[in-house]
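Notes follow the structure.
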Amino acid sequence: MSLLDRIALGDHICWTVSNEAVRLESLIDVVRAGLRAGHRVLYCGDDSDRARAALRGRGLHADAAVASGDLRFAPAEPSFLTAGVFDPATALRFLRREIEDARHAGNPGLRLITDMSWASRPAPGVERLPEFEAEANTIFAEGYLLGVCAYDPRLFDPLSLRGVSRAHPGTVGADAPFDPDLVLRIRHTRQPFGLRLEGEADLLNQRALSAVLDHLLDALTDGSATATVDVSGLRFVDTAAARVLLRALDQAAGRLRITGRPPALARLLASRHAGQSPARHDRVPRSGLGGTSA
């Protein structure tokens, strides 16, 4: 079974892997599945020649996919770096352009695979990488883009790696397959307007959740507009995530509703409203995810 065979459009995964053979094998599976689904696949990194050779070695017709536009290889510059400088706003515009191009070509989705080794170099602005990874979740939540950001832990100090990993809704190592129940999945909804949260919300993805909620509140420019956050799919919530949700409720001033909240989350939110100090972790039971509305 592939380590990444359960990823889906909308997922934004920080994948920490140091084994080169495991990395290439799994990413080849991501490319193969994407091409089968009719997605456009974009590989960003400075090792595109090696990646293309690996695809050929596995029997994928990489050259034909490149010729059709369904598979693209792009170096870190100018994709993420401009004249050697990293700017989050510029990188986000790059993602938007790639999505627009893929939609225009008729692809039902875009898979972005990025070898993040370039970020280990002392490029100006690279310290803002966690900011970019967090803000990028507002794009992934639209459900068209899938992202696998491959970080080699040998190239990053533990503090920096922790910063970027917490800006992703999910972090996966090389020793276990991706499990959607153990990460946070965030998707925009139209009816009702808002978000749907599934999986686990905790300290490890708090920054990602906060960025998407802030973006949702920014969209409520009309004083009469409202938004709904459906949390019925959450299996685990800790106080860090509960604080993010409570802060959003306070900032929205009555224009945000949390629906389907499981009992554990209801207790966390209620204890904060009452000024109590809730337990650090409060696991949501797998049964009884219905709950009531806020």
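Residue Ala74 comes nearest to Ser79 through the heavy atom pair CB-OG, 3.4 Å, listed as atom of the first residue, atom of the second, then distance. The shortest heavy-atom contact between Leu55 and Leu71 is CD1-CD2, 3.9 Å. Annotation for Ala242 and Val237: closest pair N-CG1, 4.2 Å, computed over non-hydrogen atoms. Between Ala201 and Leu234, the shortest heavy-atom distance links the atoms CB-CD2, 4.2 Å. Summarising the geometry of Phe140 relative to Gly147, their closest heavy-atom pair is CE2-N, 3.1 Å, with the distance given to 0.1 Å. Residue Leu4 comes nearest to Ser26 through the heavy atom pair CD1-CB, 4.2 Å, listed as atom of the first residue, atom of the second, then distance.
The hydrophobic clustering, which links ILVMFWY residues whose side-chain heavy atoms are closer than 4.5 Å, places Leu209 and Leu220 together. Residues Val31 and Leu112 fall into different hydrophobic clusters, defined by Ile, Leu, Val, Met, Phe, Trp and Tyr side chains chained together at heavy-atom separations under 4.5 Å. Clustering ILVMFWY residues whenever any of their side-chain heavy atoms sit less than 4.5 angstrom apart, transitively, puts Leu95 in a cluster other than the one holding Ile186. Phe94 and Val85 fall into different hydrophobic clusters, where Ile, Leu, Val, Met, Phe, Trp and Tyr are joined by side-chain heavy atoms under 4.5 Å apart, directly or via other members. A continuous path of Ile, Leu, Val, Met, Phe, Trp and Tyr side chains, each step under 4.5 Å between heavy atoms, connects Val183 with Leu9, placing both in one hydrophobic cluster.
The side-chain contact (heavy atoms from CB on, under 4.5 Å) check on Asp157 picks up Leu159, Ser160, with sequence neighbours excluded. Glu135 meets the side chain to side chain donor-acceptor pair (under 3.5 Å) test with no other residue; sequence neighbours excluded. The side-chain contact (heavy atoms from CB on, under 4.5 Å) check on Asn137 picks up His12, Pro169, Ala208, Val212, with sequence neighbours excluded. Remark: Tyr43 engages Arg23, Leu27, Asp47, Ala51, Phe73, Ile113, Asp115 in a side-chain contact (heavy atoms from CB on, under 4.5 Å) (not counting sequence neighbours). The ring pair (Phe, Tyr, Trp, His ring centres under 6.0 Å) check on Phe193 picks up nothing, with sequence neighbours excluded. In this structure Phe178 satisfies the ring pair (Phe, Tyr, Trp, His ring centres under 6.0 Å) test with no other residue, sequence neighbours excluded. Residues meeting the side-chain contact (heavy atoms from CB on, under 4.5 Å) test with Gln251, sequence neighbours left out: Asp214, Leu217, Arg247. When the ring pair (Phe, Tyr, Trp, His ring centres under 6.0 Å) test is applied to Phe156, the partners found at least two apart in sequence or on another chain are Tyr151. Taking the salt bridge (Lys or Arg N to Asp or Glu O under 4.0 Å) definition, one finds that Arg111 meets it with nothing, sequence neighbours left out.
To the nearest 0.5 Å, atom CG of residue Leu195 and atom CG of residue Leu216 are 4.5 Å apart. With rounding to the nearest 0.5 angstrom, the CG atom of Leu249 is 4.0 Å from the CD1 atom of Ile258. The distance from atom CD of Gln191 to atom OG1 of Thr228, rounded to the nearest 0.5 Å, is 10.5 Å. Atom CG of Leu35 is separated from atom OG of Ser68 by 8.0 Å, given to the nearest 0.5 angstrom. Atom CG of Leu161 and atom OG of Ser120 lie 11.5 Å apart (nearest 0.5 Å). Rounding to the nearest 0.5 angstrom, the gap separating the CD atom in Glu133 from the CE atom in Met116 is 5.0 Å.
A donor and an acceptor atom, one from each side chain of Ser210 and Arg207, are nowhere located under 3.5 Å apart.
Ionic pairing of Arg187 and Asp11 is present here: one or more N-O contacts between side-chain nitrogen and carboxylate oxygen are shorter than 4.0 angstrom.
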Can I get a per-line list of side-chain donor-acceptor pairs under 3.5 Å for residues 100-110, giving both atom names and the distance, sequence neighbours left out?
from, atom 1, to, atom 2, distance (Å)
Asn107, ND2, Gly38, O, 3.0
Asn107, ND2, Asp70, OD1, 3.3

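Partner Arg166 forms a side-chain contact (heavy atoms from CB on, under 4.5 Å) with one of Asp202, Asn205, Leu203 and no other, that one being Leu203.
Put simply, the side chain of Asp230 does not reach to within 4.5 Å of the side chain of Thr189, judged on heavy atoms. Residues Val30 and Ile7 form a side-chain contact, since some pair of their non-hydrogen atoms from C-beta on lies under 4.5 Å apart. Cys14 places a side-chain heavy atom less than 4.5 Å from the side chain of Thr16. Counting heavy atoms from C-beta outward, Arg185 and Pro180 have side chains that approach closer than 4.5 Å.
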side-chain contact (heavy atoms from CB on, under 4.5 Å) evaluation trace for His39 with Leu146: CA-CA 10 Å; His39 299 164; Leu146 176 159; 6.0 Å; no

Assess whether side-chain contact (heavy atoms from CB on, under 4.5 Å) is satisfied between Leu197 and Val229, documenting all intermediate values. CA-CA 7 Å; Leu197 307 181; Val229 178; 3.8 Å; yes

Just do the side-chain contact (heavy atoms from CB on, under 4.5 Å) check on Arg56 and Asp63 with the steps written out, would you? CA-CA 8 Å; Arg56 292 196 193 100; Asp63 294 334; 3.1 Å; yes

Please report the C-alpha distance between Glu77 and Asp46 in whole Å, then the side-chain angles of each, then the deciding distance to 0.1 Å, and finally whether the side-chain contact (heavy atoms from CB on, under 4.5 Å) criterion is met. CA-CA 9 Å; Glu77 187 167 349; Asp46 294 331; over 6 Å; no

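Note on ring orientation: taking the six-membered ring where Trp is involved, the planes of Phe80 and Phe132 are perpendicular (angle over 60°, cut-offs 30° and 60°). Relative ring orientation between His188 and His215 is described as tilted, the plane-to-plane angle lying within the 30° to 60° band.
Counting only residues at least two apart or on different chains, the salt bridge (charged side-chain N to carboxylate O under 4.0 Å, His left out) pairs with a member in residues 122-131 are Asp87-Arg128, Arg128-Glu131. Among pairs with a residue in residues 138-155, those fulfilling salt bridge (charged side-chain N to carboxylate O under 4.0 Å, His left out) read Arg96-Glu142, Asp152-Arg154, at least two apart in sequence or across chains.
No donor-acceptor distance shorter than 3.5 angstrom exists from the side chain of Trp15 to the backbone of Thr171, with no hydrogens or angles considered.
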